[in-house]
Structure formats: structure tokens, C-alpha cells
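The figures here come from the full heavy-atom set of this structure, side chains too, leaving out hydrogens, waters and symmetry mates. Model, not experiment: these values are computed from the prediction. By convention here, the first residue in the shown sequence is residue 1.
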Amino acid sequence: MGILPLQYRPGENAETLGLTGREVFDIEGLGEAVASGFAGVRELRVRAVSPDGGSVEFTAIARIDTPQECLYYQHGGILAYVLRQLLKE
């Protein structure tokens, strides 16, 4: 689905960070990470802004672990990737 899988760092979770699930997230450096195929980029800075305007920043681990997963993400998900491959043929 083109969803970026992020993992909390050890010792952190939604509760310890005060996240409710209603936040809007901004991920710093994502464009550069995607452009490099996530080569050497594992940790991304995340800013979560709550509906009341409060925010929390934390570092999360990007779980794009293989070059193929990076391709799927770049195409917006596995379905979009497969469809584009079929259209090339």
C-alpha cells in the first residue's frame, strides 16, 4: 500500500511518547532515504503533531529491509509495482 513501516527504538512506544493515534506525522529525510534506496539510512526523525497543536519528536527505524521492498515503496505499494511491470510487457 505504499505505507512506510517504522519501528520504535528500544524502550520507546506510543505510550512512552504520548501518542494517541490522532497525530499527523512528518518524517524528515524521507525523500533522501528513498532516493538512496535506504542505503545507510535506517533512522528517520519523526515529528508527530496532535490535533491540539502539541507535538513530539522522536527517531524511528525505517523497516525497508531489502532493495525489493524499496521498489515496492517507491511505486506506492506492491500492487502498483506489479501493474507497472505488467504494462511494460
Side-chain angles (χ1 to χ4, degrees):
M1 297 295 232
I3 296 170
L4 178 65
L6 295 175
Q7 177 182 335
Y8 295 111
R9 291 191 313 185
E12 294 182 336
N13 59 43
E15 185 177 339
T16 63
L17 294 168
L19 302 174
T20 65
R22 302 188 68 190
E23 296 83 7
V24 174
F25 295 89
D26 181 36
I27 303 168
E28 296 176 22
L30 182 57
E32 294 86 1
V34 171
S36 73
F38 288 88
V41 180
R42 301 303 302 161
E43 293 190 349
L44 297 170
R45 194 82 188 139
V46 180
R47 182 170 185 248
V49 180
S50 63
D52 66 6
S55 67
V56 62
E57 293 189 20
F58 59 97
T59 301
I61 303 164
R63 294 310 312 258
I64 301 287
D65 298 323
T66 68
Q68 192 65 43
E69 288 175 348
C70 187
L71 283 173
Y72 295 156
Y73 184 75
Q74 289 172 328
H75 284 266
I78 191 169
L79 179 59
Y81 174 81
V82 170
L83 290 174
R84 285 187 180 106
Q85 297 307 308
L86 290 172
L87 290 173
K88 283 184 182 179
E89 295 177 6

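Under the side chain to side chain donor-acceptor pair (under 3.5 Å) criterion, S36 pairs with no residue at all, not counting sequence neighbours. Residues that satisfy the salt bridge (charged side-chain N to carboxylate O under 4.0 Å, His left out) test with E43, not counting sequence neighbours, are absent from this structure.
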Before you tell me yes or no, could you show the steps for L19 and F58 under side chain to side chain contact (heavy atoms under 4.5 Å, CB included), namely the whole-Å CA-CA distance, both residues' side-chain angles and the distance that decides it to 0.1 Å?
CA-CA 11 Å; L19 302 174; F58 59 97; 4.0 Å; yes
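A donor-acceptor contact shorter than 3.5 Å links the side chain of Q74 to the backbone of V34.
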Review item, side-chain donor-acceptor pairs of residues 22-33, under 3.5 Å, at least two apart:
from: E23; atom 1: OE1; to: T20; atom 2: N; distance (Å): 3.4
from: E23; atom 1: OE1; to: G21; atom 2: N; distance (Å): 2.8
from: E23; atom 1: OE2; to: T20; atom 2: N; distance (Å): 2.7
from: E23; atom 1: OE2; to: T20; atom 2: OG1; distance (Å): 3.2

Let me check something: any side-chain donor-acceptor pairs from residues 62-70 under 3.5 Å, sequence neighbours excluded? List them with distances.
from: R63; atom 1: NE; to: D65; atom 2: OD1; distance (Å): 3.3
from: R63; atom 1: NE; to: D65; atom 2: OD2; distance (Å): 3.4
from: R63; atom 1: NH1; to: Q7; atom 2: OE1; distance (Å): 2.6
from: R63; atom 1: NH2; to: D65; atom 2: OD2; distance (Å): 2.8
from: D65; atom 1: OD1; to: R42; atom 2: NH2; distance (Å): 2.6
from: T66; atom 1: OG1; to: E69; atom 2: N; distance (Å): 3.1
from: E69; atom 1: OE1; to: D65; atom 2: N; distance (Å): 2.6
from: E69; atom 1: OE1; to: T66; atom 2: N; distance (Å): 3.3

Compile the donor-acceptor pairs under 3.5 Å between side chains in residues 77-89 and protein atoms, sequence neighbours left out, one pair per line.
from: R84; atom 1: NH1; to: H75; atom 2: O; distance (Å): 2.8
from: R84; atom 1: NH1; to: H75; atom 2: ND1; distance (Å): 3.3

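In this structure, L44 and L4 have side chains that are in contact, with non-hydrogen atoms separated by less than 4.5 Å.
Residue L6 is tested with T59, I61, V46 for a side-chain contact (heavy atoms from CB on, under 4.5 Å); the sole match is V46.
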